[in-house]
Structure formats: structure tokens, C-alpha cells
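Both backbone and side-chain heavy atoms feed into the values below; hydrogens, waters and symmetry mates do not. So you know, we letter chains A, B, ... as the sequences are listed, proteins then strands, and number each from 1.
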Amino acid sequence: MSGSGLLSVIVWLPVAAGLLIMGLARSAAVARWSCLAVALLEWIPGWILWRAFEPGGGYQFVERHDWIERFNVQYYLGIDGIALALILLTLLLTPAAVVAGWRAIDRRTSLYYGALLIQQGLMLGVFCALDSLLFYVFWEFMLAPMFLIIGIWGGERRIYATVKFFLFTFLGSVFMLVALVYLYLKAGSYAIPDLHAVPLTLAEQQLLFFGFLAAFAVKVPMWPVHTWLPDAHVEAPTGGSVILAAILLKMGGFGMLRFSLPVTPDAAYQFAPLIVGLSLVAIVYIAVVALAQRDLKKLIAYSSVAHMGFVTLGLFIPLVYAGAGKDQLLALGMGGGMVQMISHGFISAALFMCVGVLYDRVHTRRIDDFGGVANTMPIFAVLLVLFALANAGLPGTSGFVGEFLVILASFRAEPLVALGAGTILVLGAAYSLYMLKRVVFGEVANDRVAGLEDLDTRELIALGGIGLAVIVLGLYPDPLVEMMEPSLDGLARHVLAGKVAGW
Amino acid sequence: MVMDLTSWAPLYPELALALLIPVLLLVDLAVGRKRPAVVQAACLAGLVLVGWTCFAAADGAMFYDAFVMDRLARLLKIAGVLMSVVAFVYAPRDLRQAGALRGEYYLLGLFALLGVFVTASAGSLLTLYLGLELLALALYTLVALQRDSARAAEAAMKYFVLGAIGSGAMLYGMSLLYGLSGSLLLSETATLAPESVGAYVAAALVLTGVAFKLGAVPFHQWVADAYDGPPLGVAVLLATVPKLASFALIVRLLVDGISASQEQWNLLLIVMAVASLSLGTIVAMAQTQAARLLAWAAIAHVGFLLLGVVAGGGEGLSAALFYTLVYVLMAAGAFGVVIALEKQTAPLDSLRGLYRRHPGMASIMLLIMLSMIGIPPLAGFLAKWQVLMVLVDQGFTALAIVAVVFAVVGAYYYLRIIRLMFMEAPREQEQERLKPGWGASVMLGANGLALVVIGVWPNPLLEWCRAAFGPG
């Protein structure tokens, strides 16, 4: 348990720096550079965390202090492999989000960059929290900076989008709060490990399961509560979209792994077919919807919903399976879901940044306004093609690994489901290639495209870095998988042991 | 006969306050016309002393148990002094604009505070009623303070007539209680057999009176006018200090005074709480005036804190107490910001672009609004969370779900305020930077900071609230 205090540093450094930037930064340049510096500085503790983490060591870097004594709430931080993977994702992508707003954010810069850093700190807090009330604090306060980021720097319908985002997610979360309160009264503690252990009857689990589902399904987002996402994405500034798609959505999947599955395992087992069904709708129907979009950001937003459908599918499909070796299958499915989350984080961030690159230059996102971008922006075109194909699950990219693992798990559990899920490979390729054809290839469509300038150094480093990550993860996912494997195995055994006898 | 002062120890705060009022009257007579700031300073200095006596006063009962100084009374009195100080710092700016900045404002405010003190310490029906009427009469007059304003006069009239009906109902209920039990002492009315028809009627009438004072649905009609009609400087007092007396009234009269028939009135209380929560939340969405929005939001908040009383027991009451204390803090801050806008009637639109006109104030208002929504870790969240815990604990899970759903609906209008402040440009005629003055600035800062501090480190306040109702 070396490095105590490290998690606090990781969580609170950006929050403190964000407040300072908000209050003190007088010029745009100071705000930008200090924000970027802090986001990069976070890599140092992140690197230490990664090197010192021992897979299979349970919760590590634990910090535990009393907070609200009367209700046994603790300031309790600690991470396992699942949390670490998402923390590293957050740390890696935040600088990209900072860079994404470099040109576009030209007013109230100190507020923007401050909010961005606070947002980062709160997201890291969600991944680190081992006390469910602390988890809820981070989870809920996160709405505030995002509300401002979309509402102040967003597009035309930003007010509608941001209010919808806030109310949707808030409505989901309050049900989780009631569930947590119920669990506290049952377990006498808000600590997550205690909640994992507390015995619950099936009837209790069913209600609690839906309490949690309300919060997590909105965040993932699952069909049919995904409608806030296209609005929020389209209106958010590029940096906000990157944070939303790459990290915020992962909270939903993370919450399922932290709460839904281990706290209410029997209800999860019982309702797995429901979740699988909803995931399939998301994958197939939303992918078709993506095909019909005329706005680049909307297309990527819908594609995000479809891909997050893969995550929920991976988490729940093994529970449908009745045969032997179920724990391995569950670990496989959950691992697939996790890899999919990480990979989608990189890819969606990159795609939104690509749209941002185009938007910064010509101030439109309509697919029809482009055509032949490859002629004027060759380097950008290469990267965009890479990310679009990775999004479609091209082997050799990270997009393939996650989808493959989930389809594999589905196939062993229920081949028909795998068939349905497999359509994403076709549909994903369809909307990605169709988009590429209209935007990247062909003759130069108009004067605006003719006047485009290729990536500058700053954009090239950010996008190139993400591209590298996508390929490395696609070719050599082992470090990521090994980091998470023991945690996932343990979780799978816990889930399958159940809390109610006689299943 | 030499008076032994120590035997009066439980009464120190009331004595000090009663002494402060005539002194202040003299100060006002001497310098009030020329230097209203001196009156304010004298009033605040006097309140600091009164606050000190609240700590110094001993626990104990006086006048044959008709007056009780206990932990609850002490906490409410300290809170009352604090909120009066806050209101007296915010108010003058607005009152000066309204032409109503006179010494009477402070004097009536102090009388109202004395009413709160007496109500908080009531041990018998008589003391309770005395305290409440003292408070109410001072408030009626305060609402009418701006004599030449038709709106203020209308508000005062409505408030007075409806308040008198409420007091009448309560007094009738009290007389029935006295007739049935033969005693004015709350400890003796508590043992009244709940089966008799008289006890039912008495409980219903008493509850009506309580609902009037609280502004709970269906006896809420006066609230919006009373907040919106008078100058904002009066409204800030009206929105905060009397709430403490209302809470004392709930505890002394309902919980202590007619505890035997709790099963009967609890059902009525549930209906009132849910009705207040829903109606307050929904009507607040349609408001265009800041004061009216805060008034309807107050009705919704009252509904929420009544749910704590519904759950009952020491835990439920301490949750409701915590809610009350945090609520008055939030309401005071919100009014403080609205007053600093320097609009006598503040439409919500005057909040437009506040971030550009005064970033600090907009940030404080942001905190207050997030706290009102119930976003952790701000104080407002802890208040709601505790109520939820006692509700679920007592098996009222359905009520807890209703409560959180309305909390989400309510988020809409608080978000609208945040939106106006941060996402809209200031109106044409309101471009200049605001200068709230150093006194109000410091107080606003402290007010916002208090919400964060209570949220992040709630242990002391939680402990005081628990101790107010528990042994040990």
C-alpha cells in the first residue's frame, strides 16, 4: 500500500488549480497554458500510480478518514484495476480536451479552463471513491462545470441542450441516492466494499437495481434514455464534447461494475435479458439512425450511443448464459466491455476533435458542406480515416479488440445475440465509410474546402498521440487487460456467488 | 428585596434584547435622521451582545415551566441573532432606495426577533401564543413599512387578514386543548387522550395555525405577496427569521404539545407536505419576479422539511432542524444578491449577465442555487439527504421518491437563474459593474462560504441539531 495520499493529489490538484485559474488568470494565454500545464503535470502522479499498481492486490492506494461521523460517511479512496484503467484514460485525454478549445474558446477563457480542470478532478474522484456517498458527491457535482461548459460556450441551442443534460442526469442520479440511502440503513455504512457484502433479499435487490439503473443508464447512455446525448454533443464546444464522450459516458459503465453487478447480483442476473435487449436496440437501431445524420457531430454522437451499447452488452450477456465456466465468461464479457470503454474513449475523443478542427476553420459541421478534404488537408485526412475505421472496428485498432471480445462472449452465451451485435460491424463500417466518402474523398467541393489549412503542430500532436494509442491498444492490448484481469475475475466470482441462495 | 440575578439566568437573552430595543429607540431619536448608519451599527453591536448572552444563559425552566431554555431554544436563538445580523447588513441598501430606511425597521426587526426568542422557549400555550403574536405583529408592520407603496399596503393587508385567521384558528385549538386537559402547560396537554372528538378538532385547528405560520399549502396564499410586496430589505428578514419560530412552533406545539394524537395529525401533515412540495415547485417555475420565485420555492422547501417532521422521532426532527437552518442561510444569501442588483422590484431578467457585471457575486449566487437544488457537497444537499434518510428509515420510501422527483423538477428554475447569470448578456440599460458595498460584499462572501463549509465539514452543526432533540 505504498503511495498513500497519491489519489488525493490526483483528484484535488486539478480542482485546486481550476479554482485558482478561475479566480486569478487575467489573460487567455495564462489560462490556457496553465491549464495545459496542470493537465500534463497530472501525468506524473498518474505514471507513479501505474508503475506501483499491483494487479490482483485488491483496492490499493487506500486513504480512509472519517468525514461525516454521525452517518458513518468516510473520505475513502482506493482503486482497483478497473478504476486505474479509467483514471489513466482520463489523465491521457484531458490535455487533448484542453488543446481542442485552444482556438475556439475566445471569451471568458479563465472560467472555461478552470471549469475544465475542476471537471477533470471530479471525474477522477468518481473513479477513486470507495465510499458511495463520496462517489455521489463527485458524481453529482460534476454536473455543475459541465452545465456551464455547454451552456456558455456551446452552439445555438446550447441552453436547451445543457438544461436537458442536467435534468436528465440529475433525475437518474436522485434514484441512485435513494438506493444508496436504503443500502446505508441496511449495511450501516456507505463504504462500497460493505455494500458489496451486505445481504439483500431478491425483492430488495430488484428495486435497488432499478434505482442504480436509472442513474447509470442515463449516463451510459442506454436506449431509450439517450436523447440528451446528441443534443449535448452537438451544442457543446469541442473540448466539452471530448470530455463528455471520452470520459463522462464511462461513468455509467463504471457505475454498473461498482454497484449494479456486485451490490445486486441476483437482480442483475434476473434482469440481464432486459439489459441485453436494450443494448441490442442501441447497437442496431441507433447505428441505423447514425447512418441518416447530416451533422458530423450528431453522427459521432449516435455512433457513441451504439458503441456504448456494446459495453452494456458485454457486462450483462454472460449472465444470460446457463452452462459451465460462467465466471470465466463473465470476466471475458466485462473485460470486453472495459476495453471497449477505453477504446471508445480514445476514438470518440479523436473524432470529436477532428470535427472541431474542421469547425474551427469553416464554422460548419454539415456533412454536405464538405467534400474532398483530403486534397487540402492530407495529414488530417489520414488521421480522420484512421479514427473512422477504428470506430468501425478495423482489426489492428483498439476498436476491434473490444468489439471482438464482446461478440465472442455473446456468441458463447447466446449466438443469436452475437448475430445481432455483429451487425454493428456492417452498420458501423457503413456509416463511417459513407461519411468518409462525403467528407474526405472526391473532388474539392467548394471554396471553403479549397481554403482549408492542414493541421498545425498543436493539433497534430494531440491527434497523432491519440492515433498512436488507438493502434498500440489494437496491436498489444495485453498491458491493459492484465491490469484489469484480477479485479474482473474477483468481481465475476462475487457476482456469480450471488446474495440469495437457490438460483 | 435584592434581586438575585443568577436565578434569571435562563432569561438573559430575552432580557438583553428587551433592553436593547429602548436603547436603540433612543439612539434612533438622537441621530437616526442624520446618520442612519449609526443606528445600524448600534443595532449590530447590540445583537452581538445578545448573541453572547445566548451562549451565556443557563439551561432551565422559569415561571412554573412556562418558559424553557434548552438546547433547541439556544440553537434557534443563536440562529435568529445570526440571521437578523445578516438581514440587517443586506437590507439598508434596498430600504434607502425605497425611502423606507428608518430606525423603525431595526426596532421592528428586533421585536420580531424577541418573538422568535419567546416562541423558541415556550413551555406553555400562553407563552407560545405571546411569542407568535409578538413576531407576527412586528412583521405585519414591517411589511407596511413603505407607507406610500400600494403594493406594500396590499401585501400587508393580505398578510394581516390571513395571519389573523391563522392565529384565530390556532387560538381556538389551544383553548380546546386547555379546556380538555385543564392545563396550559405543553407537557400536560401532551398526555391528552387522543380518542376524544375534542382532541381531534383541537389538533386540526392547531395544525391549521401552524400551516398558516409556515406558509404550507393550503394556507400559503399570503406568502408570495408578503415576499414581493414590501421592499426586498423587509423580505429578506421575512424569509429568514420567522422560519425559525415556525420550526419552534412545530416542535413545541405539534410534537410536544399534542404528541398523543400524532397518528392523526401525521396524515394531515403528509398531505400538507406533499401538496406544498408539488404546488410550490410547479408554481415557482412560472414566476418572473425574483422575490415571488423565492417565495414559491420557500413553500416547496417547507414541504421538504415537513417530511422530516413526518418521519418523526429525534432523527427526523433534527433533520428538519438542519434543513431549516440551512434553508434560512440560503434564502438570506439569495435575497442578498437580489438586493445588490439595486432594483426595487427585481424581475428575474435583472439577473441577466450578472457574471459580467460582478463575477464574484454571480459565483456566490451559483453556489446558493446549486445548494438549493441539492447538489453535493453543498449544505442544501446534506439537508435533503438527511430528510431522505429518516424517511426511508421510517418506511416512507414512496415519500422519499416523491421528494427527490420534485427536487429534480425544482432544479429547473434554479438552473434558469444560473443560466441568466452566466449564459445571457446583461440588459441594455444594465451594463455597468455592480458595487454592492463592502459590508454586503463581506456578508455575501461569508454567506456563500458558509454553505460550502457546512457542506464539507457538517459535523459540528449535525451534532448540535442532534443534541437539540436527543439525550446526552
Side-chain contact test, heavy atoms from C-beta onward, threshold under 4.5 Å: evaluate it for Tyr355(B) versus Ile152(A) and give yes or no.
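When only atoms from C-beta onward are counted, Ile152(A) and Tyr355(B) do not touch, as no gap falls below 4.5 Å.
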
Please tell me if the side chains of Leu462(B) and Glu69(A) come closer than 4.5 Å, counting only heavy atoms from C-beta onward.
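The answer is no, as the side chains (C-beta and beyond) never meet within the 4.5 Å cut-off.
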
Would you say that more than 12 heavy atoms from the other residues, nucleotides or ligands in this model lie under 6.0 Å from the CD of Glu156(A), or not?
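Open.
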
Using non-hydrogen atoms and a 4.5 Å limit, figure out which bit of [X] sits close to chain A: side chain, backbone, both or neither.
{"X": "Leu391(B)", "result": "neither"}
{"X": "Pro458(B)", "result": "side chain"}
{"X": "Tyr412(B)", "result": "both"}
{"X": "Leu370(B)", "result": "side chain"}
{"X": "Asp393(B)", "result": "both"}

Relative to chain A, which of [options] shows the most heavy atom pairs under 4.5 Å?
{"options": "Val456(B), Val392(B), Ile401(B), Leu415(B)", "result": "Leu415(B)"}
{"options": "Val405(B), Leu366(B), Ile375(B)", "result": "Ile375(B)"}
{"options": "Gln386(B), Arg416(B), Lys384(B)", "result": "Gln386(B)"}

Let me know if [X] has heavy atoms under 4.5 Å from chain B in its side chain, its backbone, both or neither.
{"X": "Leu167(A)", "value": "both"}
{"X": "Trp67(A)", "value": "both"}
{"X": "Leu133(A)", "value": "side chain"}
{"X": "Phe141(A)", "value": "both"}
{"X": "Phe71(A)", "value": "side chain"}
{"X": "Leu177(A)", "value": "side chain"}

Minimum heavy-atom distance between Phe166(A) and Ala411(B), given as atom pair plus value
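Heavy atoms only, the tightest pair is CE2-CB, 4.4 Å.
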
Give the minimum heavy-atom separation between Val181(A) and Leu388(B), together with the two atoms involved.
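Taking every non-hydrogen atom into account, CG1-O, 4.0 Å.
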
Find the distance between [atom1] ([X]) and [atom2] ([Y]) and round it off to the nearest 0.5 Å.
{"X": "Trp153(A)", "Y": "Met423(B)", "atom1": "CH2", "atom2": "CE", "result": "8.5 Å"}
{"X": "Arg70(A)", "Y": "Arg466(B)", "atom1": "CZ", "atom2": "CZ", "result": "6.5 Å"}
{"X": "Glu140(A)", "Y": "Ile373(B)", "atom1": "CD", "atom2": "CD1", "result": "9.5 Å"}
{"X": "Leu185(A)", "Y": "Thr397(B)", "atom1": "CG", "atom2": "OG1", "result": "9.0 Å"}

Most contacts with chain B, counted as non-hydrogen pairs under 4.5 angstrom, among [options]:
{"options": "Leu111(A), Leu143(A), Thr162(A), Val178(A)", "value": "Leu111(A)"}
{"options": "Tyr184(A), Tyr190(A), Phe138(A)", "value": "Tyr190(A)"}
{"options": "Asp66(A), Val163(A), Leu148(A)", "value": "Leu148(A)"}

For Tyr136(A) and Trp385(B), I'd like to know if the aromatic rings sit close, meaning centre-to-centre distance below 6.0 Å.
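Ring-ring flag for Tyr136(A)/Trp385(B): false, centres at least 6.0 Å apart.
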
Which residues in residues 304-327 of chain B have a heavy atom less than 4.5 Å from any heavy atom of chain A?
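Near chain A, by residue number: Glu315(B), Ser318(B).
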
